[in-house]
Amino acid sequence: MTFKRLVLIFVLTPIAVLLAVSALFGSWQEPQFQSRLELYQTNIALQAQGWQSEDSGNDNLQGIREAILGEQPLESATKQYQEARQSVQANLDKVNNKLAQLRSQSEITPIPPKPLPEVPPTTKTSKQGKQQLQQSLKQLQKLLAELDLRLGILQAQQGQTDTALKTWSELQERSDVNPEFGETAAVLSGLWSNPPRLLQNAQERIQKNLEGWFRSTALVQLYQLQQRQDALLAVKAAQKETAAQAVLKLAVIGTIPTLAALIGLILLILLFAQRLLKGKASLLAQNADIPWSTPWDGETVLQVFIVGFFFMGQIFVPLVISVLPIPRPIVDVRLQAFSVLVSYLLVALGALLVLYFSLKPFFPLPEFWFRFRFQNNWFLWGLGGYCTALPIVVMVSLINQQLWQGQGGSNPLLQLALESQDGVALGIFFFTAAIAAPFFEEILFRGFLLPSLTRYLPVWGSIIISSLLFAIAHLSLSEILPLTALGIVLGVVYTRSRNLLAPMLLHSLWNSGTLLSLFVLGSN
């Protein structure tokens with residue numbers, strides 16, 4: 001056995017596996033992004049309520065409204081906020097417990113640094129880990145206070161005034177709450193008390209610490225008590241205008257994916273029916289059992305993924321970025337987007353170079369390797385694959401949410417895209433997620449890994465294993481099941497079409513749809 005093989009198999013591979021497992025375990029107790037996304041959608045649904053006041057006697061419009069908003073939007077929103085609050089409180093308790101453990105252990109013995117995927121292990125100290133936990137603690141405390149402010153308004157609007165006053169009172173009594181939130185809670189308590197109390201700076205506190213439907217609802221209550229008719233009419237006019245926009249947003253993020261998923265469900269039924277009726281002459285059976293001719297062995301596959309993908313992505317590029325003279329933390333959203341793009345391109349370039357030099361001794365490659373053909377039906381495979389992936393991944397995601405209960409981490413790019421309303425930043429995010437990612441990841445996982453595995457496994461086994469590794473590579477436990485399901489659809493599309501353009505199109509459509517939903521939700 002050569003020295004290179006010894007280092008690759010017995011040194012680099014165990015390190016990569018250890019750090020990947022550590023990163024996955026680290027995401028275990030992190031909140032899922034999905035819960036935050038659901039709150040954004042809930043807020044838009046609350047704003048859309050004003051749409052029901054117009055043409056309320058029109059049965060067709062009433063049916064459309066109920067289809068978009070549901071029959072009881074306030075009750076649904078309250079339940080959503082209560083569940084979010086429970087999740088945040090649970091995370092807050094975990095962070096407090098971790099900090100308590102750190103304090104108790106630090107009195108006995110120094111704590112070794114915990115390796116994380118984003119930064120080389122040697123750059124982390126126990127002090128920095130404690131600072132990270134304290135920062136997370138402050139963020140969770142702030143989020144909990146914001147949820148309580150909003151939850152109280154939801155309760156008050158449903159006639160549960162005593163419950164709302166109790167919610168705000170408990171918020172004011174918490175020692176960890178920012179004084180601004182405590183003062184805002186006092187303002188809200190005064191507005192809904194009997195008799196009401198109007199505190200100084202009430203309007204300023206409401207406008208600063210509330211937003212969307214919650215802000216306008218509190219302002220309506222304030223202006224009614226102050227008998228400021230002009231201001232009241234202005235807020236109600238803005239509510240009506242916002243309601244129409246909110247309905248349109250909900251239609252965009254709900255109707256289009258639902259329609260595509262329905263088409264996908266029909267396609268799945270037709271494809272399976274064709275498979276039963278026509279057997280090996282069906283589309284699903286096309287190229288299903290034909291492996292690739294693979295002249296290299298597993299060592300080459302390990303070399304590409306361990307050296308090219310993992311060490312470039314998790315150690316080398318983060319190390320290079322960390323020594324650059326860039327002010328940190330990066331606050332400007334355009335710089336954040338640009339930093340994400342540059343980091344991703346560097347990882348992709350490094351991995352593709354390792355792939356090229358690893359396969360160069362085997363040139364010219366056998367037929368069907370890294371095949372790009374614009375002439376055949378790749379577009380239909382990609383578009384049809386996107387539609388069929390929707391119902392499959394949605395179903396798996398619903399099961400996944402029940403398993404993880406809001407935990408398991410998420411891709412940090414999603415949060416940045418959601419909160420960014422800068423056109424340039426969104427354009428950069430779109431290029432990263434909808435163009436660069438599909439190109440690079442499909443070449444690596446479908447173009448190289450899947451066919452390479454057919455040397456040792458049947459095609460269906462190669463699809464499953466490559467999909468699982470594709471999901472694990474995203475280093476979030478909560479995303480493993482949904483991304484594995486998506487990877488299987490991508491693998492089926494590629495093995496049947498034998499054209500990398502097909503899974504690239506599917507991948508691009510998937511990421512584009514996600515970004516479009518984030519943009520619409522974030523514009524609330």
Side-chain angles (χ1 to χ4, degrees), residues 31 35-36 38-47 49-50 69-97 136-226 232 235 239 405-406:
S35 57
R36 190 71 180 266
E38 289 170 354
L39 284 184
Y40 270 76
Q41 190 162 345
T42 298
N43 294 343
I44 295 180
L46 288 170
Q47 287 185 325
Q49 285 184 106
L69 304 181
E71 294 182 4
Q72 298 177 320
L74 279 178
E75 289 81 350
S76 298
T78 303
K79 182 180 178 182
Q80 191 73 50
Y81 267 86
Q82 287 171 338
E83 291 174 353
R85 191 193 185 284
Q86 290 172 0
S87 176
V88 172
Q89 184 64 60
N91 289 330
L92 192 59
D93 293 340
K94 289 175 183 176
V95 171
N96 277 319
N97 290 336
S136 297
L137 183 68
K138 290 179 180 179
Q139 291 173 346
L140 288 169
Q141 288 170 345
K142 179 184 177 184
L143 180 55
L144 189 65
E146 291 175 344
L147 291 174
D148 280 341
L149 288 177
R150 298 177 182 184
L151 185 57
I153 294 175
L154 284 166
Q155 292 164 342
Q157 285 299 102
Q158 295 174 76
Q160 304 169 11
T161 308
D162 292 340
T163 307
L165 293 176
K166 183 181 178 182
T167 299
W168 292 322
S169 176
E170 291 175 351
L171 172 58
Q172 294 175 73
E173 292 172 1
R174 289 208 301 268
S175 59
D176 57 24
V177 73
N178 186 304
E180 283 195 1
F181 293 119
E183 292 169 8
T184 307
V187 166
L188 296 174
S189 295
L191 293 180
W192 270 276
S193 293
N194 187 19
R197 302 186 311 273
L198 296 178
L199 304 184
Q200 286 186 337
N201 301 325
Q203 179 174 316
E204 178 185 344
R205 292 299 176 204
I206 290 170
Q207 290 178 332
K208 184 175 182 180
N209 296 310
L210 293 171
E211 59 185 19
W213 178 86
F214 300 96
R215 177 193 290 171
S216 60
T217 301
L219 287 176
V220 166
Q221 184 78 0
L222 174 65
Y223 295 152
Q224 284 176 340
L225 293 172
Q226 292 177 333
L232 184 60
V235 171
Q239 280 182 317
Q405 294 294 318

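Note that the numbering runs from 1 along the sequence shown for the chain.
- Of all heavy-atom pairs spanning G182 and Q172, the tightest one is O-CG, 3.5 Å.
- Taking CD1 of I153 as the reference point, atom OH of Y81 lies at 9.5 Å (rounded to 0.5 Å).
- Note that the CD atom of Q80 and the CG atom of L147 stand 10.5 Å from one another [nearest 0.5 Å].
- In this structure, F181 and N209 have side chains that are in contact, with non-hydrogen atoms separated by less than 4.5 Å.
- Between L219 and L210 there is no side-chain heavy-atom pair separated by less than 4.5 Å.
- No side-chain donor-acceptor contact under 3.5 Å links T78 and Q155.
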Acceptor/donor pairs from residues 159-166 side chains to any protein atom, 3.5 angstrom cut, sequence neighbours excluded:
none

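- Interatomic distance, CG of L232 versus CD of Q221, reported as 10.5 Å (0.5 Å rounding).
- Rounding to the nearest 0.5 Å places CG of L74 at 11.5 Å from OG1 of T42.
- Considering every non-hydrogen atom in both L191 and A218, the closest pair reads CD1-O, 3.8 Å.
- Scored by the ring-ring contact (aromatic ring centres under 6.0 Å, His included) test, W213 finds no partners at all (sequence neighbours excluded).
- Using modelled atom types and a 3.5 Å distance limit, the side chains of N43 and Q47 yield no donor-acceptor pair.
- Relative ring orientation between W192 and W168 is described as tilted, the plane-to-plane angle lying within the 30° to 60° band.
- R174 pairs by the salt bridge (charged side-chain N to carboxylate O under 4.0 Å, His left out) definition with D148, D176, not counting sequence neighbours.
- Under the salt bridge (charged side-chain N to carboxylate O under 4.0 Å, His left out) criterion, K208 pairs with E180, not counting sequence neighbours.
- E204 CD to T184 OG1: the interatomic distance, rounded to the nearest 0.5 Å, is 9.5 Å.
- One distance of note links CD of E146 with CG of L151; it measures 13.5 Å at 0.5 Å rounding.
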Begin from the C-alpha positions of L46 and L154 and carry the test side chain to side chain contact (heavy atoms under 4.5 Å, CB included) through to its verdict. CA-CA 10 Å; L46 288 170; L154 284 166; 3.9 Å; yes
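- The shortest non-hydrogen separation linking V235 to S216 is CG1-O, 3.8 Å.
- For E83, the side chain to side chain donor-acceptor pair (under 3.5 Å) criterion is met by no residue, not counting sequence neighbours.
- Annotation: side chain of L143 is not in contact with side chain of L92 (no heavy-atom distance under 4.5 Å).
- Side-chain contact check for Q157 and T217: no donor-acceptor pair (N or O, by modelled atom type) lies under 3.5 Å.
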Worked check of side chain to side chain contact (heavy atoms under 4.5 Å, CB included) between R150 and R215: CA-CA 9 Å; R150 298 177 182 184; R215 177 193 290 171; over 6 Å; no
With a cut-off of 3.5 Å and sequence neighbours excluded, list every side-chain donor-acceptor pair involving residues 194-203.
unit_1: R197; atom_1: NH1; unit_2: S193; atom_2: OG; d: 3.3
unit_1: Q203; atom_1: OE1; unit_2: Y223; atom_2: OH; d: 3.2
unit_1: Q203; atom_1: OE1; unit_2: R228; atom_2: NH1; d: 3.0

